[in-house]
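Since the structure comes first, as structure tokens, the remarks are kept for the end.
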Amino acid sequence: MCQIHLRVELTPLNSYQAGFLTAELESLTTIGETRDMMKQYTLNEFGIDQLTRDEAPVPEPGPGEVRVAMKALSLNYKDLMIVEGSYNPRLKFPHVPITDGAGEISALGDGVTSVTMKQPVIINPMLDWLSGPFRFEYHKRVVGYSVPGLASEEVIVPEQAVIPIPEGFELTDAATLPTAGLTAWNCLVEHGGVEEGQTLLTLGTGGVSIFALQLAKIIGATVIITSSSDEKLKRARELGADHGINYRENTSWYKTVMELTNGEGADLTLETSGAQSFEQSTRATKANGTVAFLGSIEGLKSEIDLRFVMMKRLTVHGIFVGSRNDIADFGNFLSTHPLKPVIDRTFPFEELPDAMTHMKSGGHMGKVVVTV
Ligand SMILES: NC(=O)c1ccc[n+]([C@@H]2O[C@H](COP(=O)([O-])OP(=O)(O)OC[C@H]3O[C@@H](n4cnc5c(N)ncnc54)[C@H](OP(=O)(O)O)[C@@H]3O)[C@@H](O)[C@H]2O)c1
């Protein structure tokens, strides 16, 4: 523990100065505090009920690394697939899950200069994808999948993995940005180039889809959204969606999309569902338009009639989150455009398995968040 010497000038303080001094002293005390053990979730075999919350030693950052005291985790469909074993049946145990989160810097390794103690940050899950085009080897170091995840009170990551949270964002909201928000951003802006007056079709009302809806409305695009629930479609309209289609009741939903777009189709379709709906997505997309393929909820294999990819001269764009630079660009955009992430429900850390069960039920709309 370091010693702190204070020289106190005996001048009367006004209430603002007194408050400021108290806060500074509290912050010095917290920085000086150390604890040896922390809580952490690990998985030793597949299944939500196999998640165990144990004590683990608080890790120390090495050179070029930082420690982050996690404050909020946000769940993605991928976390559920990892925990249940459908993402990678050969996952190595024990595994610490969860890809997305936000927290405050709690220790700095040697040589770290870009962040400061207590700074609020989000974590880029693709540790090696800093900028430029995607490379396949980037899958080797993905937080919560190929390297330990964030379901811990304290985590260690390389300095370049942390990014200051966008101005005005609370930590719970910021935690939703690195995967769901960034994926929507990349589909629409970095790659999709959606413009005012164009039409976005997005499938379902999960995390990515709701971010896509919100971004499209900021851009000035028309939004068609699908859902299994009329209640969720009503809420999506309140968020700005122009049209909603219940894909359970209207199983040939592409026909409705064509009607709504004067027989032309959507300029960009976010295919979040997977192979089962891919053909309908190509039918619902405009000639020369784009299908951003990013999801696998309904699986990756199906017999598909690919004729519309060719006949409509479509671009099928595989999307896999984004780089650190993309997160920074997205953060800059958010600093000047009002977008409040839609959080369906927040659970405490002790109830992380319940949060996963809630997500699995499909009852949510937008994001499910866990506070640490
Ligand atoms: N490639 C990437 O970089 C990337 C990044 C993030 C997510 N993803 C993928 O994108 C998908 C969505 O992820 P998420 O985190 O947003 O999931 P999520 O929050 O769990 O949302 C999933 C939603 O999809 C809808 N859905 C389920 N079955 C559907 C179907 N047959 N057709 C249309 N919609 C269906 C449901 O919406 P309703 O309740 O409204 O029906 C459900 O709530 C997942 O496959 C995930 O792995 C990929």
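Counting starts at 1 for both ligands and their atoms, in listed order. Only this structure's heavy atoms are used, side chains among them; waters, hydrogens and symmetry mates stay out.
Annotation: side-chain hydrogen bond (donor to acceptor under 3.5 Å, both in side chains) contacts involving residues 222-231, sequence neighbours excluded, comprise Asp230-Asn246.
The heavy atom nearest to atom 12 (C) of ligand 1, considering only Leu300, Ile297, Asn186, is found in Ile297. The nearest non-hydrogen atom to atom 1 (N) of ligand 1, considering only Ile319, Val321, Leu80, comes from Ile319.
When ring centroids are compared, His358 and Phe347 come within the 6.0 Å threshold. The aromatic ring centroids of His139 and Phe320 lie less than 6.0 Å from each other. Taking the six-membered ring for Trp and the full ring otherwise, Trp185 and Phe211 have centroids separated by 6.0 Å or more.
Interface of Thr205 with ligand 1, defined as ligand atoms under 4.0 Å from a residue heavy atom, comprises 37 (O), 38 (P), 39 (O), 40 (O). For ligand 1, the atoms closer than 4.0 angstrom to any heavy atom of Val208 are 6 (C), 7 (C), 16 (O). Ligand 1 places these atoms under 4.0 Å from at least one heavy atom of Thr179: 5 (C), 6 (C). Interface atoms of ligand 1 facing Leu294, defined by a heavy-atom separation under 4.0 Å, are 1 (N), 2 (C), 4 (C), 8 (N), 9 (C), 10 (O), 48 (C).
The shortest contact between atom 30 (C) of ligand 1 and any protein heavy atom is with Ser273 OG, 3.3 Å. For atom 39 (O) of ligand 1, the closest non-hydrogen atom on the protein side is Lys232 NZ, 2.7 Å. If you check which protein heavy atom lies closest to atom 15 (O) of ligand 1, you get Tyr77 N, 3.2 Å. Atom 42 (C) of ligand 1 has its closest protein heavy atom at Gly206 N, 4.6 Å. The single protein non-hydrogen atom nearest to atom 36 (C) of ligand 1 is Tyr247 OH, 3.9 Å, given as residue, atom name and distance. For atom 11 (C) of ligand 1, the nearest non-hydrogen atom of the protein is Thr272 O, 3.3 Å.
Ser152 places a side-chain heavy atom less than 4.5 Å from the side chain of Val96. Side-chain contact check for Asp242 versus Lys217: some heavy-atom pair is nearer than 4.5 Å.
No more than 12 heavy atoms of other residues, nucleotides or ligands lie within 6.0 Å of CD in Glu196, so this atom counts as exposed by the packing criterion.
The side chain to side chain contact (heavy atoms under 4.5 Å, CB included) search around Val372 returns Met70, Leu73, Glu153, Phe349, not counting sequence neighbours.
Among the atoms of Ser296, some N or O lies under 3.5 angstrom from an N or O of ligand 1. By the 3.5 Å distance cut-off applied to N or O atoms, Ser229 is not counted among the residues near ligand 1. The distance criterion of under 3.5 Å between nitrogen or oxygen atoms is met by His364 with respect to ligand 1. Geometrically, ligand 1 and Gly295 share no nitrogen or oxygen pair separated by less than 3.5 Å.
Here Val368 has no heavy atoms under 4.0 Å from ligand 1, in either its backbone or its side chain. With a 4.0 Å heavy-atom cut-off, ligand 1 is reached by the side chain of Met359 but not by its N, CA, C or O. Both the backbone and the side chain of Ser228 come within contact range of ligand 1, each with a heavy atom under 4.0 Å. Under 4.0 Å from ligand 1, the heavy atoms of Thr183 that appear belong solely to its side chain.
Contact analysis leaves Ala180 out of contact with ligand 1, as no non-hydrogen atom separation drops below 4.0 angstrom.
Figure legend: Arg283 and Phe308 shown without cation-pi pairing, the cationic atom not lying both under 6.0 angstrom from the six-membered ring centre and within 45 degrees of its axis.
By the 4.0 Å N-to-carboxylate-O rule, Asp128 lies too far from Lys140 to be salt-bridged with it. With respect to the salt-bridge test (charged N to carboxylate O, under 4.0 angstrom), the residues Glu154 and Arg35 qualify.
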